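Any value given below was found using the heavy atoms of this structure, including those in side chains, with hydrogens, waters and symmetry copies removed. This one's a predicted model, so the numbers in the text were calculated from it and none came from an experiment.
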Amino acid sequence: MRSGASELLSGFLAVSAAATLVACTASGTQASQPSPAPTATAAPMPSEAVPCQDRFIAEIDWGTDPAAPNTAYIALTNTGDAACSLSGFPSDSAFLSASGPVETVGYDLEGAPTADAYGRAGDVVTVDPGERAFIWARIAQTADRAGDDPCELPVAAIGVTLVLPGASEPVVAPADVEVCVDTDADDLQVGPVDSEPRPASVDG
């Protein structure tokens with residue numbers, strides 16, 4: 001009898017131990033579950049490069065020919081750190097007043113009239129850093145008008161605004177001039193970009 005009871009007790013203890021082992025293993029399995037993988041973040045898109053044609057500054061060099069007092073050259077200096085090419089005419093050329101572009105008789109949606117008497121509009125002008133290119137311009141000032149032809153609508157201009165070929169924004173050449181908005185299209189006329197200051201019109 002004692003031997004049977006001992007065997008019964010031993011079997012009961014073995015079953016209890018096995019159940020405890022299964023419970024511990026299940027508990028350990030739940031505790032060791034892997035954590036969720038981190039969510040990938042999209043890399044920021046690089047910003048668009050600024051065209052080299054936007055790195056020019058402009059100033060007006062007045063001509064020295066007494067026979068063409070309205071002749072000027074818009075000098076364009078490359079302020080970038082690499083050579084930049086320009087070719088053709090500027091667009092949206094206009095006198096600039098304190099309130100915006102001055103719409104003279106010759107001004108339209110394309111800007112001031114152009115001149116290319118010597119066929120240079122197709123030339124490519126490469127400008128090194130710190131060097132200059134030029135745009136011939138006719139800038140008619142009221143001071144140059146004949147005494148018997150007074151200006152009826154004078155406007156004070158603070159510069160000439162224009163968009164260079166290939167540029168995304170205008171550049172302004174400062175000037176302190178008075179222009180007339182009641183005259184013909186010759187108030188402002190521009191030539192193509194040139195490698196040197198020389199006329200683009202047979203009139204100077």
Side-chain angles (χ1 to χ4, degrees), residues 49-97 101-102 104-145 156-180 183-204:
V50 176
C52 68
Q53 293 83 1
D54 282 340
R55 302 189 183 278
F56 282 82
I57 59 173
E59 60 183 336
I60 294 179
D61 289 345
W62 295 100
T64 57
D65 184 357
N70 297 325
T71 295
Y73 297 95
I74 300 174
L76 310 168
T77 302
N78 181 2
T79 65
D81 54 8
C84 187
S85 295
L86 300 168
S87 180
F89 295 99
S91 60
D92 301 322
S93 307
F95 289 119
L96 186 67
S97 71
V102 178
T104 58
V105 174
Y107 178 85
D108 58 23
L109 294 178
E110 300 296 325
T114 58
D116 186 26
Y118 303 99
R120 302 187 186 112
D123 295 349
V124 177
V125 179
T126 300
V127 188
D128 290 328
E131 298 300 319
R132 303 199 299 177
F134 301 87
I135 293 175
W136 169 89
R138 174 178 286 120
I139 300 176
Q141 305 181 59
T142 56
D144 297 324
R145 292 170 68 99
I158 60 175
V160 174
T161 177
L162 64 164
V163 178
L164 301 181
S168 64
E169 57 186 28
V171 63
V172 175
D176 182 14
V177 296
E178 186 179 73
V179 297
C180 193
T183 57
D184 59 20
D186 286 342
D187 282 341
L188 177 63
Q189 191 177 20
V190 294
V193 178
D194 201 344
S195 59
E196 57 185 285
R198 50 186 173 179
S201 168
V202 294
D203 298 327

Taking all non-hydrogen atoms of both residues, which atom of L86 and which atom of Q53 are closest, and how far apart? CD2-CG, 3.4 Å
Test side-chain contact (heavy atoms from CB on, under 4.5 Å) applied to V171 and V163, step by step: CA-CA 6 Å; V171 63; V163 178; over 6 Å; no
How far apart are the C-alpha atoms of D116 and F89, what are their side-chain angles, what is the distance that settles it, and do they pass the side-chain contact (heavy atoms from CB on, under 4.5 Å) test? CA-CA 9 Å; D116 186 26; F89 295 99; 3.6 Å; yes
Going by heavy atoms in the side chains, are F95 and I139 under 4.5 Å from each other? yes
Evaluate F134 against V125 for side-chain contact (heavy atoms from CB on, under 4.5 Å), listing each step before the verdict. CA-CA 10 Å; F134 301 87; V125 179; over 6 Å; no
Compare every heavy atom of S201 with every heavy atom of Y118, then report the nearest pair and how far apart it is. OH-O, 3.8 Å
4.5 Å side-chain heavy-atom contact, S87 and V193: no
Side-chain polar contacts of residues 74-81 - donor-acceptor pairs under 3.5 angstrom, sequence neighbours left out - could you list them?
residue	atom	partner	partner atom	Å
N78	OD1	G80	N	2.9
N78	ND2	A82	O	3.0
N78	ND2	V127	O	3.0
T79	OG1	R55	O	2.4

Looking only at heavy atoms, the pair that brings G166 and P51 closest together is O-CB, 3.8 Å
How many angstroms lie between atom CH2 of W136 and atom CZ of R198, to the nearest 0.5 angstrom? 14.0 Å
Under a 3.5 Å distance rule, please check whether D128 uses its side chain to pair with a backbone N or O of E131 as donor and acceptor. no
Could you tell me whether D61 and R132 have a side-chain N and a carboxylate O separated by less than 4.0 Å? yes
Within the 4.5 Å heavy-atom criterion, are F56 and L164 side-chain neighbours or not? yes
Nearest heavy-atom pair of P192 and R120: which atoms, and what distance? CG-C, 4.0 Å
Here the pair of heavy atoms bringing T161 nearest to P170 is OG1-CB, 3.6 Å
Beyond-backbone contact of V172 with L96, side-chain heavy atoms, under 4.5 angstrom: yes
In sequence, state the C-alpha distance, the side-chain angles, and the governing distance for D92 and L162, and then conclude on side-chain contact (heavy atoms from CB on, under 4.5 Å). CA-CA 5 Å; D92 301 322; L162 64 164; over 6 Å; no
Hey, is the main chain of I135 close enough, under 3.5 Å, to the side chain of D194 for a donor-acceptor pair? no
How far apart are the closest heavy atoms of V190 and S93, and which atoms are they? CG2-OG, 4.0 Å
